[in-house]
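Order of the sequence lines fixes the chain letters, A, B, ..., with proteins taken first and strands second; residue numbering starts at 1 for each chain.
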Amino acid sequence: MSMEEQVIVRFPPSPSGYLHIGGARTAIFNWLFAQKTGGKFILRIEDTDADRSSEESVAGILESLKWLGVTWDEGPYFQSQFIAEHVAAAEKLVKSGHAYKCYCTKEQLDEKRREAKQKKLSLQYDGTCRNLRPEEIEKKEAAGTPYTIRLKVPSGDGFVGFKDIVYGIIEKKFEDIEDFVIVRSNGKPLYILSNVVDDIRDGITHILRGQDGLANTPKQILIYKALGTQIPKFAHMSLTLDTKKAKISKRTHGELVAVRFYREHGFLPWAFVNYLVLLGWSMPDAKEIFSKEELIEAFSLEGINRANAVFDVRKDDPKFFTDPKAISINTHYLRNLPIEEIEPYIKTELEKEGIWDPEFQGSKHEWFLRTIDLIRTRFHVTTDFGAAGRCYFSDDYLIDPKPLKKNILKHEGLKEWFPLLADRLEALEAFTLEETERAIREIAEELKVKAGILINGMRTAITGQPKGPGIFDVLIAIGQHRVVERLRKAVALFE
RNA sequence: GGUCCCAUCGUCUAGUGGUCUAGGAUAUCGGCCUCUCACGCCGGAGACACGGGUUCAAACCCCGUUGGGACUACCA
């Protein structure tokens with residue numbers, strides 16, 4: 001592959017907050033495309049809006065990208081360092097006659113727009129300064145009148161057109177595009193210009209971005225043409241909407257759409273990437289779970305859907321804290337990945353809970369892995385290991401009041417039976433699945449109670465939970481000594 | 001207001017004129033399993049927005065309507 005043919009893509013977030021799922025999705029698609037084609041992925045921070053940009057935000061975005069496993073080959077570059085270049089490009093356009101200075105003030109423009117709106121006329125700039133006579137310009141210049149720079153959109157019946165890889169042929173008539181501002185009266189360039197100039201400098205070959213950029217593309221193409229440079233290929237992707245069909249945004253959705261929210265709530269990074277990729281992209285064969293290698297292999301721009309996708313997060317849903325499909329994919333990975341791969345995430349979780357024991361990776365390592373394997377089949381997120389799974393890793397666990405009432409307090413007899421169970425289990429020489437089961441069923445028969453009563457009572461006492469793995473597995477996992485201890489302590493629950 | 005984009009089960013989607021009484025995933029409901037809860041297995045319900053064309057034949061092509069979205073700033 002020659003240099004000219006190498007794919008170069010970029011992800012240009014503006015650092016005005018955390019990375020949200022829409023941005024993450026765009027980054028992932030760009031990254032995948034670069035991986036797939038052996039191309040280059042550039043990260044560029046568009047920080048020219050100083051008021052809204054912050055270093056914390058940059059750090060947060062990088063952190064989220066790293067967590068997702070989205071790696072970049074170049075950058076991060078900072079747009080603010082190239083402002084002079086952007087302005088120079090605009091000046092070049094003025095010299096070449098592709099742009100002109102506009103001396104209209106903001107107030108004048110607002111007034112014109114207001115009137116036009118009232119008369120239901122076009123809100124476009126009327127081109128006053130485009131048609132200024134040389135002597136008028138001289139006068140304004142001599143007076144030092146502040147000016148903006150506007151691109152001179154070709155006049156006439158023509159149109160700008162391009163073939164979007166996802167949306168197909170898009171055409172826009174010149175008359176529908178106004179002479180838009182590319183440099184402010186304070187000398188600062190506008191995004192639409194900076195973005196193009198940066199893309200030219202970075203040699204971007206494919207612009208893969210959200211569909212919200214679609215309507216601005218004809219304007220940008222006009223800039224490329226005026227600058228006389230090659231026009232990159234465009235591929236716009238569908239947007240991510242909320243359940244009310246509105247574009248998701250930090251403002252209205254807050255933490256719920258932040259990548260870090262999913263990190264904090266126990267998502268495995270790759271599971272989250274896998275879910276995000278499925279929002280607006282698919283394979284004809286309906287495959288949905290992909291390893292990283294498989295996804296890179298399978299990915300193609302042709303699989304991108306044109307219709308917007310809804311991120312099905314149901315706020316206040318007691319059962320799902322986010323899109324059920326996202327959870328189900330995470331669950332899938334949590335249950336099926338080799339334990340060693342999820343081990344680090346569980347360690348992090350237990351450390352967060354303050355119940356990490358270094359021996360889990362030392363003398364208790366075997367046990368640790370086995371226990372994870374035992375309990376993970378009914379967990380959905382890694383935080384479950386520190387919550388419902390807490391009783392396996394720490395003796396300091398809570399007894400859920402509901403099962404306490406239903407499985408323990410309701411059966412007065414357990415007050416006597418717990419110590420008995422403790423004694424008999426303590427006496428077992430082989431604390432195995434078979435032996436514990438035999439012992440417990442024996443006691444049930446002696447006592448003439450249903451084994452289920454004993455079992456559920458024990459489960460609640462030993463794990464604090466109303467549910468969990470088979471009780472005998474639980475006993476083995478927690479261990480003879482701790483089981484006996486917990487059963488004896490359970491008598492106090494009746495007080 | 002103007003310009004543009006979009007439209008298949010609740011949600012994510014397959015589908016590019018006949019093989020669609022529309023497939024998968026997830027969610028949901030029922031059953032089996034069972035010490036609980038999951039898993040697993042089996043089964044159920046659930047969609048082509050509407051109206052016109054074109055065609056022997058339309059979810060697929062065209063037009064319109066409706067609905068949704070984006071863009072439209074001296075924000076990025």
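Spacing of C1' atoms, B:U28 relative to B:C75, comes out at 44 Å, to the nearest Å. Comparing the same atom, P, in B:G18 and in B:A59 gives a spacing of 11 Å after rounding to whole Å. Between the P atoms of B:G15 and B:G23, the separation comes to 15 Å (whole Å). Separation of the C1' atoms belonging to B:C61 and B:C48 is 16 Å when rounded to the nearest angstrom. One P atom belongs to B:C62, the other to B:U16, and the distance between them is 16 Å to the nearest Å. For the C1' atoms, the distance from B:A47 to B:A25 is 15 Å, rounded to whole Å. With both ends at atom P, the span from B:C42 to B:U26 equals 13 Å, rounded to whole Å. Spacing of C1' atoms, B:A27 relative to B:A70, comes out at 29 Å, to the nearest Å.
Taking the centre and axis of the six-membered ring of A:F385, the NZ or CZ atom of A:R376 falls outside the cone set by 45° and 6.0 Å. Cation-pi geometry between A:K173 and A:F159 is not satisfied (NZ or CZ under 6.0 Å from the ring centre, within 45° of the ring normal).
Evaluation of atom-type donor-acceptor distances gives no pair under 3.5 Å for the side chain of A:R378 against the base of B:C39. Under 3.5 Å, the side chain of A:R459 and the base of B:C37 form no donor-acceptor pair of N or O atoms. Donor-acceptor pairing under 3.5 Å, judged by distance alone, is present between the side chain of A:K325 and the base of B:C12. Put simply, the side chain of A:Q124 and the base of B:G2 share no donor and acceptor less than 3.5 Å apart.
Remark on RNA chain B: of its neighbouring residues A:Y167 and A:A309, the 5'-side contact belongs to A:Y167, judged by nearest-heavy-atom nucleotide. Residues A:N305 and A:Y147 both approach RNA chain B. Their nearest nucleotides, taken by heavy-atom distance, put A:N305 toward the 5′ side.
If you check B:A49 for Watson-Crick or wobble pairing at under 3.5 angstrom, you find it paired to B:U65. Base pairing of B:G40 is made with B:C32, judged by Watson-Crick or G-U wobble geometry with both donor-acceptor distances under 3.5 Å. Base pairing analysis places B:C20 opposite nothing; no Watson-Crick or G-U wobble pair with both distances below 3.5 Å involves it. Nucleotide B:C71 forms a pair with B:G2, judged by Watson-Crick or G-U wobble geometry with both contacts under 3.5 Å.
Between the side chains of A:N195 and A:E46, at least one donor N or O lies within less than 3.5 Å of an accepting N or O. Between A:Y18 and A:S64, the side chains place no donor N or O within less than 3.5 Å of an acceptor N or O (distance only, hydrogens not considered). Under 3.5 Å, the side chains of A:D198 and A:Y77 contain no donor-acceptor pair of N or O atoms. The closest side-chain donor-acceptor pair between A:S238 and A:Q211, if any, does not fall under 3.5 angstrom. Defined by atom type and a distance below 3.5 Å, a donor-acceptor pair is missing between the side-chain atoms of A:R209 and A:T26.
In this structure, A:L279 reaches the sugar-phosphate backbone alone: every heavy-atom distance under 4.0 Å involves primed, P, OP1 or OP2 atoms, never a base. Among the protein residues, A:N216 comes within range of the nucleic acid bases, having at least one heavy atom under 4.0 Å from a base atom. Using a 4.0 Å heavy-atom distance criterion, A:P324 is classed as a sugar-phosphate-only contact. Residue contacts shown for A:F320 are limited to sugar-phosphate atoms, with no base heavy atom under 4.0 Å away. In this structure, A:G213 reaches neither bases nor backbone, as no heavy-atom distance under 4.0 Å exists between it and the strands shown. Within 4.0 Å (heavy atoms only), A:T217 reaches no atom of the nucleic acid at all. Note on A:I329: nothing from the nucleic acid sits closer than 4.0 angstrom, heavy atoms only. Residue contacts shown for A:P12 are absent, as no nucleic acid heavy atom lies under 4.0 Å away. Within 4.0 Å of A:S185, counting heavy atoms only, lies at least one base atom of the nucleic acid. Residue contacts shown for A:E46 are limited to sugar-phosphate atoms, with no base heavy atom under 4.0 Å away. Within 4.0 Å of A:K117, counting heavy atoms only, lies no atom of the nucleic acid at all. If you check every strand for non-hydrogen atoms under 4.0 Å, A:R52 touches a base. Here A:Q465 lies out of heavy-atom contact (under 4.0 Å) with every strand.
In this structure, A:D164 places its CG atom 13 Å from C1' of B:C6, rounding to the nearest Å. The separation between A:K219 atom NZ and B:C4 atom C1' is 12 Å, rounded to whole Å. Rounded to whole Å, the distance from CG on A:L123 to P on B:C71 is 16 Å. Computed from coordinates, the A:N330 CG to B:A25 C1' distance equals 16 Å when rounded to whole Å. In this structure, the NE2 atom of A:H86 is 11 Å from the P atom of B:A76, given to the nearest Å. We find that CG of A:D199 is positioned 13 Å from C1' of B:A76, with the value rounded to whole Å. Distance NE2 (A:H380) to C1' (B:C37): 10 Å, rounded to an integer number of Å. Rounded to an integer number of Å, the gap from A:D49 CG to B:C74 C1' is 12 Å.
Contact annotation: A:R314 side-chain N/O to B:U26 OP1/OP2 distance is not under 4.0 Å. Close to B:C71, at under 4.0 Å from its OP1 or OP2, lies a side-chain N or O of A:K247. Distances shorter than 4.0 Å separate some side-chain N or O of A:R441 from OP1 or OP2 on B:C35. Distances shorter than 4.0 Å separate none of the side-chain N or O atoms of A:S16 from OP1 or OP2 on B:A76. For A:R209 and B:A70, the shortest distance from a side-chain N or O to OP1 or OP2 is not below 4.0 Å. Of the side-chain N and O atoms in A:K319, one or more sit less than 4.0 angstrom from OP1 or OP2 of B:U28.
When the nucleotides B:A76, B:U3, B:C12 are ranked by their closest atom to the side chain of A:S14, B:A76 comes out on top. Out of B:A76, B:C74, B:U3, the shortest distance to the side chain of A:Y191 is found at B:A76. Closest contact between the side chain of A:R184 and the listed nucleotides B:U28, B:A76, B:A14 involves B:A76. When distances are taken from the side chain of A:S328 to each of B:A27, B:C12, B:C39, the shortest belongs to B:A27. In this structure, the nucleotide among B:G1, B:U3, B:C12 sitting nearest to the side chain of A:L278 is B:C12. Here the nucleotide nearest the side chain of A:R306, chosen from B:C12, B:G69, B:C6, is B:C6. When each of B:C71, B:U13, B:G1 is scored by its nearest atom to the side-chain atoms of A:S282, the top-ranked nucleotide is B:U13. Distances from the side chain of A:T148 to the nucleotides B:C74, B:G24, B:C35 place B:C74 closest.
Paired with A:S194 under the rule side-chain hydrogen bond (donor to acceptor under 3.5 Å, both in side chains), one option of A:E85, A:H86, A:Q79 passes, and it is A:H86. Of the residues listed (A:Y275, A:F29, A:F290), the one engaging A:W281 in a ring pair (Phe, Tyr, Trp, His ring centres under 6.0 Å) is A:F290, and it is the only one.
Formation of a donor-acceptor pair under 3.5 Å by the A:R150 side chain with backbone atoms of A:C102 is not found in this model.
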